Amino acid sequence: MSKLKGILFDCDGVLAETERDGHRVAFNRTFEKFNLPFHWGAEEYAEYVRIGGGKNRIRSYLEARGWDFPGVPKSEEERNDYINSLHKDKSASFVEIVDSGKLPARSGVKRLIEQALAREVTVAVVSSSAVLSVEKVLRHVVGAEMAAKIRVFGGEHVSNSKPAPDLYLYALKELQLNPEDVMVVEDTRIGCLAGVRAGCKVLVTPSHYSHDEDFEGASAVVSCLGSKEEKAKLVKGDPGILSDGLVTVDTLQKVLQN
């Protein structure tokens with residue numbers, strides 16, 4: 001019987017609702033700064049949330065339109081540098097948005113992380129976003145003291161973004177954890193697939209853009225992690241896993257054993 005030794009949280013959509021009013025806004029600020037004549041609307045952006053990693057989102061958009069925009073280089077090497085520049089600027093803009101305090105933490109996240117650390121369960125954040133951006137969100141959600149106890153793994157650490165399992169496999173190796181002793185908490189189909197492909201069991205808590213996705217392979221799906229104000233509702237999984245509408249360390253232990 002496996003004992004829960006680690007919880008690996010995704011960042012965007014799991015720790016906080018960052019996509020619509022955070023990353024999307026930051027992308028648009030960068031597009032304007034670089035004189036690119038497009039703007040991602042709230043509904044249009046839903047298509048790009050399904051692509052893991054900000055650089056990949058930019059590349060996908062430009063490739064689909066033949067790279068035919070002012071200032072976009074012609075050679076592949078120059079295009080890589082150009083995308084890196086765009087993403088660096090976007091990441092800096094996102095950090096400014098997080099620092100403004102405008103992005104709400106998701107229900108129950110801080111409570112669950114605090115409980116896990118108190119019970120000496122390893123906690124890490126594993127995200128395709130840039131490490132600096134993830135660290136900012138983490139500190140915003142749990143505070144600097146708690147954040148200092150949590151490792152962050154970001155898109156810079158591997159070449160292949162989710163749904164490839166590479167980032168989770170890298171985190172598991174660095175943390176010296178076996179996948180059968182770990183629960184992954186995700187919000188999207190691509191994140192769920194990445195966790196499953198890494199050999200972990202996955203609990204999904206859908207975010208703003210992912211409610212209608214197919215969470216193939218998830219061991220459980222809940223509306224949120226739960227708080228006094230907003231109880232978690234079970235969408236998929238064993239009805240006995242929730243404790244008074246809350247996802248707890250014991251909840252994750254039950255999911256791990258099922």
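Please read all numbers here as calculations on a predicted model, not as lab measurements. Just so it is clear, the values below take in all heavy atoms, side chains as well, and ignore hydrogens, waters and symmetry mates. The chain is numbered in sequence order, starting from 1.
Using a 4.5 Å cut-off on side-chain heavy atoms (C-beta onward), Glu19 and Arg24 make no contact. Side-chain atoms of Ser127 and Asp12, non-hydrogen and from C-beta on, do get closer than 4.5 Å to each other. Side-chain contact check for Leu172 versus Cys200: some heavy-atom pair is nearer than 4.5 Å.
In terms of heavy atoms, Gly53 sits closest to Ser128 at N-CB, 3.7 Å. For the pair Glu17 and Arg106, the tightest heavy-atom approach, listed with the atom from each and the gap, is N-CG, 4.0 Å. Across Val125 and Cys11, no two heavy atoms sit closer than the pair CG1-CB, 3.9 Å. For Arg57 against Val49, the heavy-atom pair with the smallest separation is NH2-O, 3.5 Å. Nearest heavy-atom pair, Thr248 versus Arg111, reported as atom, atom and distance to 0.1 Å: CG2-NH1, 4.1 Å.
Counting non-hydrogen atoms of other residues, nucleotides and ligands closer than 6.0 Å to CD of Glu43 gives a total of 12 or fewer. For Lys102, the NZ atom counts as loosely surrounded, since its 6.0 Å shell holds 12 or fewer non-hydrogen atoms of other residues, nucleotides or ligands.
From Leu8, atom CG reaches atom CD1 of Ile150 across 11.5 Å, with rounding to the nearest 0.5 Å. The CG atom of Leu203 sits 8.5 Å away from the OG1 atom of Thr251 when rounded to the nearest 0.5 Å. With rounding to the nearest 0.5 Å, the separation of OG in Ser129 from CG in Asp10 is 7.5 Å. For the atom pair Asp166 CG and Asn160 CG, the distance stands at 4.5 Å (nearest 0.5 Å). Note that CG of Leu103 is 10.5 Å distant from CZ of Arg20, once rounded to the nearest 0.5 Å. To the nearest 0.5 Å, the span separating NZ on Lys55 from NZ on Lys88 amounts to 10.5 Å.
Here Lys33 pairs with Asp89 in a salt bridge; the nearest charged N to carboxylate O distance falls below 4.0 Å.
Taking the side-chain hydrogen bond (donor to acceptor under 3.5 Å, both in side chains) definition, one finds that Arg189 meets it with nothing, sequence neighbours left out. Every residue two or more places apart in sequence or in another chain was checked for a side-chain hydrogen bond (donor to acceptor under 3.5 Å, both in side chains) with Tyr82, and none qualifies. For Arg197, the salt bridge (Lys or Arg N to Asp or Glu O under 4.0 Å) test picks out no residue, with sequence neighbours left out. Take Glu174 and apply the side chain to side chain contact (heavy atoms under 4.5 Å, CB included) test, not counting sequence neighbours, and it matches Arg151, Phe153, Tyr170. With sequence neighbours excluded, no residue forms a side-chain hydrogen bond (donor to acceptor under 3.5 Å, both in side chains) with Arg50. For Glu135, the salt bridge (Lys or Arg N to Asp or Glu O under 4.0 Å) test picks out no residue, with sequence neighbours left out.
With hydrogens and angles disregarded, a donor-acceptor distance shorter than 3.5 Å links the side chain of Ser85 to the backbone of Asp81. A donor-acceptor pair is defined here as one N or O able to donate and one able to accept, closer than 3.5 Å; such a pair exists between the side chain of His157 and the backbone of Gly154. At least one donor-acceptor pair closer than 3.5 Å links the side chain of Gln115 to the backbone N or O of Val249.
Within the structure, ring pair (Phe, Tyr, Trp, His ring centres under 6.0 Å) contacts touching residues 207-252 (residues at least two apart or in different chains) are Tyr45-Tyr209. Evaluation of the salt bridge (charged side-chain N to carboxylate O under 4.0 Å, His left out) test over residues 59-73, restricted to residues two or more places apart or in two chains, returns Arg59-Glu63, Arg59-Glu76. Identified under the ring pair (Phe, Tyr, Trp, His ring centres under 6.0 Å) test for residues 88-137, with sequence neighbours left out: His23-Phe94. The stretch residues 53-79 participates, sequence neighbours left out, in these ring pair (Phe, Tyr, Trp, His ring centres under 6.0 Å) pairs: Phe38-Tyr61, Phe38-Phe69, Trp40-Tyr61, Tyr48-Tyr61.
In terms of hydrophobic clustering, with Ile, Leu, Val, Met, Phe, Trp and Tyr side chains grouped at heavy-atom distances under 4.5 Å, Val123 and Val134 are assigned to a common cluster. At a threshold of 4.5 Å between side-chain heavy atoms, the hydrophobic network of Ile, Leu, Val, Met, Phe, Trp and Tyr places Val158 and Ile190 in two separate groups. Val202 and Val235 fall within a single hydrophobic cluster, where Ile, Leu, Val, Met, Phe, Trp and Tyr side chains are chained together by heavy-atom contacts under 4.5 Å. Val196 and Ile7 are assigned to two separate hydrophobic clusters, defined by single-linkage of ILVMFWY side chains at heavy-atom distances under 4.5 Å. The cluster map of Ile, Leu, Val, Met, Phe, Trp and Tyr, joined by side-chain heavy atoms under 4.5 Å apart, puts Ile58 and Ile51 in the same cluster.
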Test Leu36 against Leu86 for side-chain contact (heavy atoms from CB on, under 4.5 Å), laying out the working first. CA-CA 11 Å; Leu36 291 169; Leu86 288 173; 4.1 Å; yes

For a side-chain contact (heavy atoms from CB on, under 4.5 Å) check, start with the C-alpha distance between Ser91 and Leu132, then their side-chain angles and the critical distance, and finish with the verdict. CA-CA 8 Å; Ser91 295; Leu132 178 60; over 6 Å; no

Could you go through the side-chain contact (heavy atoms from CB on, under 4.5 Å) check for Asp238 and Lys254 one step at a time? CA-CA 9 Å; Asp238 185 338; Lys254 291 175 183 177; over 6 Å; no

Please evaluate residues Arg29 and Lys90 with respect to the criterion side-chain contact (heavy atoms from CB on, under 4.5 Å), reporting the C-alpha separation (whole Å), side-chain torsions for both, the decisive distance (0.1 Å), and the verdict. CA-CA 7 Å; Arg29 288 180 181 178; Lys90 174 262 169 186; over 6 Å; no

Please tabulate, one pair per line, all N/O donor-acceptor pairs under 3.5 Å involving side-chain atoms of residues 179-187, not counting sequence neighbours.
residue, atom, partner, partner atom, Å
Glu186, OE2, Lys162, NZ, 2.7
Glu186, OE2, Tyr168, OH, 2.6
Asp187, OD2, Ser207, OG, 2.5

Could you pull out every donor-acceptor pair under 3.5 Å between side chains of residues 217-234 and any protein atom, sequence neighbours left out?
residue, atom, partner, partner atom, Å
Ser223, OG, Lys233, N, 2.8
Ser227, OG, Ser107, OG, 3.0
Ser227, OG, Glu229, N, 3.4
Ser227, OG, Glu229, OE1, 3.4
Ser227, OG, Glu230, N, 3.1
Lys231, NZ, Asp244, O, 3.3

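A donor-acceptor pair shorter than 3.5 Å cannot be found between the side chains of Ser243 and Asp250.
With Ser75 as the partner, the side-chain hydrogen bond (donor to acceptor under 3.5 Å, both in side chains) test is satisfied by one option alone out of Arg79, Glu78, Glu77: Glu78.
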